[in-house]
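Remarks on the structure that follows.
All values reported here derive from a predicted model rather than from experimental measurement.
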Amino acid sequence: MIENVFNLVKNHPKTVFLYKHLLLRLFLQEFDMKPIVVEVLGESSSGKSGLLLLYASVWGSPKE
């Protein structure tokens with residue numbers, strides 16, 4: 001599963017960075033460590049909202 005997702009995003013550096021941060025966040029949560037905050041900035045219509053929906057999908061349906 002992880003390889004399938006990574007293959008879809010591997011050519012998009014911002015997405016790869018957030019994807020790796022997501023995996024780190026899951027690891028930190030497992031050991032009750034404080035999270036690392038990442039701010040997503042960019043021009044309008046550059047994919048920020050879609051990227052955050054992908055990120056949020058790990059914890060469930062981001063639209064609900």
Side-chain angles (χ1 to χ4, degrees):
M1 173 80 174
I2 290 175
E3 289 127 8
N4 293 338
V5 174
F6 187 74
N7 284 332
L8 292 173
V9 301
K10 67 183 177 185
N11 295 323
H12 305 278
K14 292 178 189 176
T15 308
V16 170
F17 175 77
L18 273 182
Y19 185 70
K20 288 182 178 183
H21 177 264
L22 171 63
L23 296 176
L24 174 63
R25 176 64 182 105
L26 294 173
F27 178 78
L28 294 176
Q29 182 177 345
E30 190 66 30
F31 292 98
D32 294 323
M33 299 173 76
K34 293 186 179 185
I36 298 169
V37 177
V38 174
E39 186 173 358
V40 178
L41 300 172
E43 295 181 19
S44 180
S45 299
S46 62
K48 296 180 303 292
S49 295
L51 187 61
L52 293 176
L53 286 172
L54 171 70
Y55 192 84
S57 70
V58 170
W59 285 276
S61 177
K63 294 281 188 174
E64 293 180 5

Sequence neighbours excluded, the answer for side chain to side chain contact (heavy atoms under 4.5 Å, CB included) partners of Lys10 is Phe6, Asn7
Scan the side chains in residues 33-53 for donor-acceptor partners under 3.5 Å anywhere in the protein, sequence neighbours excluded, and list what turns up.
unit_1 : atom_1 : unit_2 : atom_2 : d
Ser46  : OG     : Glu43  : O      : 2.7
Lys48  : NZ     : Gly42  : O      : 3.3
Lys48  : NZ     : Glu43  : O      : 2.8

Hphob cluster co-occupancy, [X] + [Y], side-chain heavy atoms under 4.5 angstrom:
X     : Y     : value
Leu24 : Phe31 : yes
Leu28 : Phe17 : no
Leu23 : Val16 : yes

